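Values reported hereafter were calculated over all heavy atoms of this structure, with side chains retained and with hydrogens, waters and symmetry mates removed. Bear in mind the structure is a predicted one, so any value in this text is a computation, not a measurement. Chain naming here is simple, since letters A, B, ... match the order of the sequence lines and numbering starts at 1 in each.
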Protein chains: 2
Amino acid sequence: MAAAKGTPMSPTHIEETALAGFPGYESSCEIDEDAGRAIREVLDRVGDKWSLLVIATLRRDRLRFSELLRHIPGISQRMLTLTLRQLQRDGLISRTAYAEVPPRVEYELTALGGTLIPIARTIGDWALANHPAIVESRSQYDAR
Amino acid sequence: MAAAKGTPMSPTHIEETALAGFPGYESSCEIDEDAGRAIREVLDRVGDKWSLLVIATLRRDRLRFSELLRHIPGISQRMLTLTLRQLQRDGLISRTAYAEVPPRVEYELTALGGTLIPIARTIGDWALANHPAIVESRSQYDAR
DNA sequence: CGGCATCCCCTTCGATACTG
DNA sequence: CAGTATCGAAGGGGATGCCG
């Protein structure tokens, strides 16, 4: 997706940090830059319009394509397909196709994908709690 | 890679924010429709390319525009401006301009913006821990 | 120094139609 | 049922230039 674009990135220059002080990567400058890259790539994967919602929807059971389509309001067939392919490629969900008529395909979180559930919950918690404040701040800002 | 050091990949790192007992909201294992919309909302705000990185960079001190530019590798002047405006509009950061020559502008997290730090931390932890696994899975998927 | 404004490419995503 | 193919609108985001 947004991964491979033309990023100039001068190799001679050692950048300063975006994330020094965060647990686990406060040690050196190079790790900080790696952390920044990693975060951006993860956001590119999971920060898109539907990925995290698909993950959240699959948190309990394996679901069929059409079930996912029904459980996620507003998603189009095309976007569900594309999102599922990305997640499968990244090892976050598994796809199982049964050779039946009519065909049946089931999707399921992998162990790796399951580790994203706490993130979905954290984001969901924050959004439910603070969305009204954001709306309020925004309308005040726009009032000028 | 960088992820193998430090923390031994504990997947559940749930940060308890100040919203325990938030009126009308209880944290549950369920990610229902409201939470789904909430996830979509916050991802629209903060799931873009730079917002979370700006938040993380401001987590300690107030910083000037040029300092932010230096601390966030790869961001363009234009995108930093746009990101800061949006964060300011949503009440997540505050902007203070000093009438000096040369001009000086400082950005700082608001209290609301500060509540995003646990999210940045959670995502950062996950990214560092699992980014290598994703890259690996992706290359295997592509090799077929 | 701290920005807007402009140009323009590229990606994302929805709508629609078709297939095994 | 579970996709694939194609088109087109919308906007994200880099490069550059100008300005208080």
Whole angstrom value for the distance that separates C1' of C:dG14 from CG of A:Leu80: 14 Å
B:Ser66 side chain near C:dC1 phosphate (N/O to OP1/OP2, under 4.0 Å): no
Touch class at under 4.0 angstrom, heavy-atom based, for B:Tyr98 against every strand present: nothing
Atom pair distance, as rounded to whole Å: CG in B:Leu68 and C1' in C:dG2: 12 Å
Close side-chain approach of A:Asp90 and B:Tyr141, heavy atoms under 4.5 Å: no
Minimum side-chain heavy-atom gap A:Val46-B:Leu43 below 4.5 Å: no
Expected output: side-chain A:Thr122 to main-chain B:Pro118 donor-acceptor under 3.5 Å: no
Global bending angle along the helix from C:dC1-D:dG20 to C:dG20-D:dC1, which compares the axes of five pairs at either end, to 10 degrees: 40°
Derivation and outcome, side chain to side chain contact (heavy atoms under 4.5 Å, CB included), residues B:Met79 and B:Leu82: CA-CA 5 Å; B:Met79 285 319 296; B:Leu82 292 179; 4.0 Å; yes
Exam field: side chain B:Ser137 to backbone A:Arg89, donor-acceptor pair closer than 3.5 Å: yes
B:Arg138 bridged to B:Asp142 by N-O distance under 4.0 Å: no
Distance, rounded to the nearest Å, where A:Asp48 contributes CG and C:dC10 contributes P: 21 Å
Nearest-nucleotide comparison on DNA chain C, the residue closer to the 5′ end among B:Phe65 and A:Gln77: B:Phe65
Closest-nucleotide 5' rank along DNA chain D - winner of A:Arg64 and B:Met79: A:Arg64
Rounded distance in Å - CG (A:Leu84) to C1' (D:dA2): 11 Å
B:Arg78 (side chain) and D:dT16 (base): donor-acceptor pair under 3.5 Å: no
Distance in angstrom units between A:Arg85 CZ and D:dT4 C1', rounded: 10 Å
Value in whole Å for how far the P atom of C:dC1 lies from CZ of B:Arg95: 16 Å
Residue met sooner reading DNA chain D from 5', once A:Pro103 and A:Thr81 are mapped to nucleotides: A:Pro103
d(OH, B:Tyr107; P, C:dC1) in whole Å: 15 Å
Whole-Å distance separating the CG atom of B:Leu82 from the C1' atom of C:dA5: 11 Å
Short side-chain to backbone donor-acceptor contact, B:Thr115 and B:Leu112, under 3.5 Å: yes
DNA chain C: 5'-proximal contact among B:Val105 and A:Ser76 (nearest heavy atom): B:Val105
